Amino acid sequence: MMQQAAYVTAAIVFAVGIYGVVTHRNMIKICISLSVMESAVVMLFVSLAYRPGAQAPILEEEGVTYVDPLLHALSLTAIVIGAGVISVALALTVMVYRHYGTTDITVVFRGQR
Amino acid sequence: MKLRHLAGLALSVPTALGLGALLLSEAVVTSPPDGPAAHYLRNSIADSGAINVVTTVLLDYRAFDTLGEASVILASVAAISALFAGAAPDRSEQGLSILVKTSVGYLTAVFWIFPIYIVFHGHLSPGGGFQGGVSLAVLVILVYVVFGSRRASAWLTSSRLHVTESASAFGFLLLGTVGIAQGLAFLTNAAAGFPTGSTGNLLSGGVIPLLNLAIGIKVAAGLGSIYLDILSSDGSR
Amino acid sequence: MTPEVPYYMVLGLVVVCALGAVLIRGYITSIIVLSIFSITVTVSFAFLRAVDVAMAEAVIGAGLMTAVFVTAIGKTRRRS
């Protein structure tokens, strides 16, 4: 039951991120929406790894079930890479502002200065 | 309501409904982890002596993936410093008041404790090189906010952080080649002669604490230099 | 049943904070709500026994990315 609620939440949060990416014209707002989408993916990974009644994957006692450590390692990687990617996006935003004087992405597409 | 709001709703509402229905139709897994995860859970202590299985997966079984991830961080650092190449660093910020500067100057030594603990206990408790490294990167940000770029840029420059990051990436590769020198695979842990120690102690896990240290320094320097590069760009006009 | 009700409340907060971070107009307000979103996601990870991921999300999402976002916003504003 906890897993299914987490699935639905991840789907809703991902859709909210897509809505933000599509509707916003400001590049910083698009970066925020991308960050929200990335968190939704990590939420899905973590809820896929969960088992009811399981322990955190730190082997301290015998005979208990543990949650899936492989998905945790993957989502850890995804979080750190996401931070790097969004930093690059923000740096590009700053460069666009330096060249065009705005962070409106439609101005950049039209090529006006 | 503009067209792009309609387009956003038309994209996001079916996504939410479809993704939610698709995920709900999946059977909820209640059995213990199987496949590679079961192997990792069963053999982690025997193979490397580390009890945190997430760290074992990251730095022993799938250490090559971690090297790829570290190279992604290196790529983003290189991209950002190439974007802002030639920008004169902004040295005008004076920082906060003398009270904050003095107290933070003494407290900085205390702030080192948490990242070091997180990095060196990565194979025993939650944490590891990534989390500790990012905590250290936050310390870089703290120094710049409190002391201002005028004082902090005298010694904590982005180019020094780049050198530190490259050196620790090189250290990671060097630790990996120990296995190759003995005819084993790249980044071999216990089989290449690294002592696994007694399980549960600080000195256990073979090469994992050393790799954690390399990753921690690399992530700290990389993300800290990303912040400094964005900070020192003269983007405002 | 007991640990599930707080978990559902946290999931509700996650959705509310995601909506707030995407829909709020002000930059700084949006960033702060994004930071709160990261914290609530961290709490939901802790409920799912993902301690390593929770720590990474707390440190990166609420600590580092907030500072990077605020710096980028400061760089894309006219100094008056």
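Nothing here was measured: the structure is a model prediction, and the numbers come from that model. In what follows, chains carry the letters A, B, and so on, assigned in the order in which the sequence lines appear, proteins first and then strands, with residues in each chain numbered from 1.
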From [X] [atom1] over to [Y] [atom2], what is the distance, rounded to the nearest 0.5 angstrom?
X: A:Ile58; Y: B:Ser44; atom1: CD1; atom2: OG; value: 11.0 Å
X: A:Leu59; Y: B:Asn52; atom1: CG; atom2: CG; value: 8.5 Å
X: B:Ile226; Y: A:Ile86; atom1: CD1; atom2: CD1; value: 11.5 Å
X: A:Leu90; Y: B:Ile80; atom1: CG; atom2: CD1; value: 8.5 Å

Quick check on [X] against chain B: is it the side chain, the backbone, both or neither that has a heavy atom closer than 4.5 Å?
X: A:Ser87; value: both
X: A:Gln3; value: side chain
X: A:Tyr66; value: both

Check whether any side-chain heavy atom of [X] lies under 4.5 Å from a side-chain heavy atom of [Y], and answer yes or no.
X: A:Val94; Y: B:Phe84; answer: yes
X: B:Leu11; Y: A:Tyr19; answer: no
X: B:Leu23; Y: A:Leu44; answer: yes

Select one option (side chain, backbone, both, neither) describing which atoms of [X] are under 4.5 Å from chain A's heavy atoms.
X: B:Leu22; answer: neither
X: B:Pro126; answer: both
X: B:Ile73; answer: side chain

Taking atom CG of B:Leu17 as the centre, does the number of heavy atoms from other residues, nucleotides or ligands within less than 6.0 Å exceed 12?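 Counting other residues, nucleotides and ligands, CG of B:Leu17 exceeds 12 neighbours.
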
Please check if the number of heavy atoms outside B:Phe194 that lie under 6.0 Å from its CZ is greater than 12.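 Above 12, so yes.
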
Closest contact, heavy atoms only, A:Thr65 versus B:Pro32: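 Scanning both residues completely, I find the closest heavy atoms to be CG2-CG, 3.9 Å.
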
Smallest separation among heavy atoms of A:Ala11 and B:Ala16, with atom names: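 Closest heavy-atom pair between A:Ala11 and B:Ala16: CB-O, 3.9 Å.
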
Chain B contacts: which residues in residues 21-36 of chain A have a non-hydrogen atom closer than 4.5 Å to it?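 Under the 4.5 Å heavy-atom cut-off, A:Val22, A:Thr23, A:Arg25 qualify.
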
For chain B, find its close neighbours in residues 67-76 of chain A: heavy-atom separation under 4.5 Å, sorted by number, or none.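 The stretch touches chain B at A:Val67, A:Asp68, A:Pro69, A:Leu70, A:His72, A:Ala73, A:Leu76.
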
Option in B:Leu19, B:Leu223, B:Ile51 with maximal non-hydrogen atom pairs under 4.5 Å from chain A: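 Among B:Leu19, B:Leu223, B:Ile51, the one with the most close pairs to chain A is B:Ile51.
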
Considering only heavy atoms, give the residues of residues 60-72 of chain B separated from chain A by less than 4.5 Å, sorted numerically, with 'none' for an empty result.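 Within residues 60-72 of chain B, near chain A: B:Arg62, B:Glu69, B:Val72.
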
Salt bridge (Lys or Arg N to Asp or Glu O under 4.0 Å) contacts touching residues 10-19 of chain A (sequence neighbours left out):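 Passing the test, one end in residues 10-19 of chain A: no pairs.
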
